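Written below as structure tokens is the structure these notes are about.
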Amino acid sequence: MRAISFVAVLLSACGAVFAQSTPAGLWRNIDDKTGEVKAEIRVTESGGVLNGRIEKVLRKDAKPDEKCVECTDDRKDKPMVGLEIIRGAKKAPDGDVSQGGLILDPENGREYRLRLTPRGNGQKLEVRGSFGPFWRTQTWVRVQ
């Protein structure tokens, strides 16, 4: 009976670790230039597609009613809180990497090709945005 209980606990723990390797969840993004926390972003998965919205702006100079004035598409002048910044990423068939979507930088209104790579047992997320040969990477930290 103890062996069965041990196996059940072990399988549960493995399932929890595996579940954390997904980009879905709540993340704090860390500015790659200043090292400061900028926002909390909720990444959701539906039908194998990842999308992400800003849940909370944490920058020191943030205004509660701040809007995306630099955006040029349907997000123009939308509030930062609730703003969809990740659209259409899908998990690659051969690994933990999710790609194929776009990420918006609301500070300049530009969208970049996106690659999401879980690190550190799913507690960190490497977020890379690229435009042509240029790229930028941030490490996000899981909140929950």
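What you see is a predicted model, and the numbers here were worked out from it, not measured in a lab.
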* Could you check Ile86 against Val43 for side chain to side chain contact (heavy atoms under 4.5 Å, CB included), going step by step and ending with a plain yes or no? => CA-CA 8 Å; Ile86 294 175; Val43 178; 4.2 Å; yes
* To do: Output, in order, the C-alpha distance, side-chain angles, deciding distance and verdict of side chain to side chain contact (heavy atoms under 4.5 Å, CB included) for Arg136 and Asp32.
  => CA-CA 8 Å; Arg136 191 171 140 194; Asp32 53 315; 3.1 Å; yes
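- Heavy-atom contacts from other residues, nucleotides or ligands closer than 6.0 Å to CZ of Arg87 number more than 12.
- Nearest heavy-atom pair across Val57 and Ala62 is CG1-CB, 3.3 Å.
- For the pairing with Val127, the side chain to side chain contact (heavy atoms under 4.5 Å, CB included) check across Ile103, Thr137, Thr117 returns one residue only, Ile103.
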* To do: Could you give me the CA-CA distance, side-chain angles and deciding distance for Lys91 and Glu45, then say whether salt bridge (charged side-chain N to carboxylate O under 4.0 Å, His left out) is met?
  => CA-CA 10 Å; Lys91 188 171 180 177; Glu45 183 175 357; over 6 Å; no
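- Counting only distance, with no hydrogens or angles, the side chain of Arg142 and the backbone of Gly122 share a donor-acceptor pair below 3.5 Å.
- Taking the charged nitrogens against the carboxylate oxygens, Lys63 and Asp65 have no contact shorter than 4.0 Å, which rules out a salt bridge.
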* **Evaluation steps, side chain to side chain contact (heavy atoms under 4.5 Å, CB included), between Thr44 and Leu50** => CA-CA 6 Å; Thr44 58; Leu50 295 166; over 6 Å; no
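- Note on Ile54: it does not cluster hydrophobically with Val143, by side-chain heavy-atom contacts below 4.5 Å among ILVMFWY residues.
- A donor-acceptor contact shorter than 3.5 Å is absent between the side chain of Arg119 and the backbone of Leu125.
- Criterion: ILVMFWY side-chain heavy atoms under 4.5 Å apart, direct or through other members. Under it, Val81 and Trp140 are part of a common hydrophobic cluster.
- Distance alone, capped at 3.5 Å, is enough to place a donor-acceptor pair between the Asp31 side chain and the Lys33 backbone.
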* Any chance you could lay out the side chain to side chain contact (heavy atoms under 4.5 Å, CB included) test for Asn51 and Ser46, step after step, and finish with the verdict? => CA-CA 8 Å; Asn51 295 299; Ser46 178; 5.8 Å; no
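- Using a cutoff of 4.0 Å between basic side-chain nitrogens and carboxylate oxygens, Glu70 and Lys76 are not scored as salt-bridged.
- Note on Arg75 versus Asp105: no salt bridge recorded, every NZ/NE/NH1/NH2 to OD/OE distance being 4.0 Å or above.
- A distance-only check finds no donor-acceptor pair linking the side chain of Asn29 to the backbone of Glu40 [under 3.5 Å].
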